[in-house]
Amino acid sequence: MEQVVKDNPGVVTSEAYGKTFEGRDITFLKISVANPDGRQKKAVWMDCGIHAREWIAPAFCQWFVKEILQTYRTDEKMKQIVQNLDFYVTPVLNIDGYTYTWINESTRLWRKSRSPPPAGCTCHGVDLNRNFNANWGTVGVSTDCCSNTYCGQSPVSEKESQAVTEFVGNRTAEIICFLTIHSYGQQVLLPYGHPHVIAPNHGELMEVGLAAAKAMTAVHGMEYEAGTPPEILYDFSGSSQDWARLIGIPFSYTFELRDKAEFGFLLPEEQIQPACEEAYAGARHIIAHVHDKIFTGGTDSGAVSVTVTIWVSILTSCFTTSVLV
């Protein structure tokens, strides 16, 4: 990360926005160039490696940063996007867990964080993608601290989810797209993971997600699909993508990269680049749609903001009165 900052002065900066339980910095790279007209910019958030064993995800975050930096000076569309959108990219969110998977073969498939176990338990860690404050603890989770889907003792109990919640939550007027990268399954997931909750802009999220999946499939012929988790995967709650949509970020997606269980989390080295190329095609499609909607004559951003605020109030009320009970 330090080398990327050094090689791109004035364009890339890094910032530690939290610390893990083991004391490691949680750091993002920010890609930002000045808008030539002095227009106020919006932003895209991307994080990778929330689940430790999903090694292809951090590889993609690095690939994504490389592609943006290599293309924005010569690709007119990407140049326009970068002039209007900043990018916050966290290459490895669950850095404790990720580091743990590199110890030996017995730790390679570790999924959770490495936080200390609660009283009466001997198992470390929480599933960070069940720990966000979005319908927390209701479906698709476990209260057994030894389970891979253990959601923690309370919402946002973990240092990593706290860091994202604080940073992103304080920038909802700026961040208009939230992308979190996982593996595996070859899917583009959209909110919500709870089967009884539908995003107010579900139709548009689905349309954009299907187009992104189509763009990913077109790169190498690997089939990707799009939908909500209950539709194409399984029910679950407390995810970061659901939390991002709930707090008012209008476009929120989870990418599940290669493959479809042939190699699973042990994706061969020769598949890293093609998997990243597919993911980049999907991410670029979503980002271009979001950009054009806000900056080139799409729905008025003020109206979007008002609509989002209204729907967030409604959804929050629903969670409190009917889903969380």
Side-chain angles (χ1 to χ4, degrees), residues 44-51 54-64 67-68 71 75 77-78 81 85 87 89 129 140 176-195 197-236 239-242 244-245 249-265 267 271-294 298:
V44 173
W45 172 272
M46 179 182 290
D47 65 68
C48 296
I50 193 171
H51 286 150
E54 298 169 6
W55 284 8
I56 187 61
F60 172 65
C61 261
Q62 295 175 68
W63 182 274
F64 178 82
E67 286 296 303
I68 296 292
T71 59
D75 182 319
K77 183 61 179 180
M78 186 54 65
I81 289 173
L85 296 174
F87 293 86
V89 181
N129 206 40
I176 57 175
C177 181
F178 185 100
L179 302 175
T180 181
I181 313 302
H182 294 242
S183 72
Y184 54 87
Q186 296 171 206
Q187 297 168 324
V188 178
L189 301 176
L190 49 133
Y192 284 92
H194 195 291
V197 183
I198 299 175
N201 60 335
H202 173 81
E204 185 177 16
L205 286 169
M206 180 64 82
E207 181 182 355
V208 175
L210 287 169
K214 182 177 180 180
M216 295 165 84
T217 299
V219 177
H220 294 294
M222 300 290 283
E223 191 70 31
Y224 284 79
E225 59 182 336
T228 64
E231 291 172 332
I232 63 173
L233 187 57
Y234 46 72
D235 301 351
F236 60 90
S239 71
S240 63
Q241 78 156 17
D242 284 5
R245 185 62 194 85
I249 297 174
F251 294 91
S252 180
Y253 293 94
T254 298
F255 281 14
E256 296 284 356
L257 305 187
R258 291 193 184 192
D259 57 6
K260 289 194 172 184
E262 181 181 359
F263 298 103
F265 303 115
L267 199 66
Q271 291 199 36
I272 294 174
Q273 180 170 331
C276 290
E277 291 169 345
E278 292 160 356
Y280 182 76
R284 174 165 174 148
H285 177 84
I286 292 170
I287 292 164
H289 174 88
V290 172
H291 170 271
D292 292 351
K293 182 180 181 70
I294 301 299

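Scanning for side chain to side chain donor-acceptor pair (under 3.5 Å) contacts around W55 gives T101, with sequence neighbours left out. Residues that satisfy the ring-ring contact (aromatic ring centres under 6.0 Å, His included) test with F251, not counting sequence neighbours, are H289. For the salt bridge (Lys or Arg N to Asp or Glu O under 4.0 Å) test, no residue two or more places apart in sequence or in another chain qualifies with D235. Residues forming a side chain to side chain donor-acceptor pair (under 3.5 Å) with S183 (at least two apart in sequence, or on another chain): none. Residues satisfying the disulfide (SG to SG under 2.5 Å) criterion with C177, sequence neighbours excluded, are absent altogether. Judged as a side chain to side chain donor-acceptor pair (under 3.5 Å), and not counting sequence neighbours, the contacts of T228 are E231.
Residue pairs that meet the ring-ring contact (aromatic ring centres under 6.0 Å, His included) test with at least one member in residues 217-236, sequence neighbours left out, are Y234-F236. Applying the salt bridge (charged side-chain N to carboxylate O under 4.0 Å, His left out) definition to pairs two or more places apart or across chains, those involving residues 255-264 are R258-E278. Sorted by first and then second residue, the salt bridge (charged side-chain N to carboxylate O under 4.0 Å, His left out) pairs with a member in residues 199-213 read E204-K293; sequence neighbours excluded. For residues 208-229, no residue pair satisfies the salt bridge (charged side-chain N to carboxylate O under 4.0 Å, His left out) rule, not counting sequence neighbours.
Considering I81, D75, I68 as possible partners of R284, the one that fulfils the side chain to side chain contact (heavy atoms under 4.5 Å, CB included) test is D75.
Between P191 and S252, the shortest heavy-atom distance links the atoms CD-O, 3.1 Å. A pairwise comparison of heavy atoms in N201 and P250 identifies ND2-O, 2.9 Å as the closest pair. When all heavy atoms are compared, the tightest approach of G227 to I232 is N-CD1, 3.5 Å. Of all non-hydrogen atoms in L190 and P229, the two that sit nearest each other are O-CD, 3.2 Å. For G49 against A57, the heavy-atom pair with the smallest separation is N-CB, 3.7 Å.
The shortest distance between side-chain heavy atoms of I287 and L179 falls below 4.5 Å. For the pair V44 and V290, the minimum side-chain heavy-atom distance is 4.5 Å or more. Looking at R245 and Y192, their side chains come closer than 4.5 Å, going by heavy atoms from C-beta outward. Taking the side chain as every heavy atom from C-beta outward, M46 and I181 approach each other to under 4.5 Å. In this structure the side chain of I249 never reaches within 4.5 angstrom of the side chain of W45, judged on heavy atoms.
Here the CD-CG distance, from E54 to L267, works out to 11.5 Å after rounding to the nearest 0.5 Å. To the nearest 0.5 Å, the span separating CG on D47 from OG on S240 amounts to 5.5 Å. Considering SG of C276 and CD1 of I56, their distance stands at 4.5 Å, rounded to 0.5 Å. The structure places CD of Q241 at 8.0 Å from OG1 of T180, a figure rounded to the nearest 0.5 Å.
Ring pair Y184/F265 is perpendicular by interplanar angle, where above 60° counts as perpendicular and below 30° as parallel.
Outside the 6.0 Å centre-distance limit, the rings of F60 and F255 are not counted as a close aromatic pair.
Of the N and O atoms on the side chains of S239 and N129, not one donor lies less than 3.5 Å from an acceptor on the other residue.
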Checklist entry - How far apart are the C-alpha atoms of Q187 and T254, what are their side-chain angles, what is the distance that settles it, and do they pass the side-chain contact (heavy atoms from CB on, under 4.5 Å) test? => result CA-CA 8 Å; Q187 297 168 324; T254 298; over 6 Å; no
Next on the checklist: For a side-chain contact (heavy atoms from CB on, under 4.5 Å) check, start with the C-alpha distance between D292 and K77, then their side-chain angles and the critical distance, and finish with the verdict.
Outcome noted: CA-CA 10 Å; D292 292 351; K77 183 61 179 180; 2.5 Å; yes
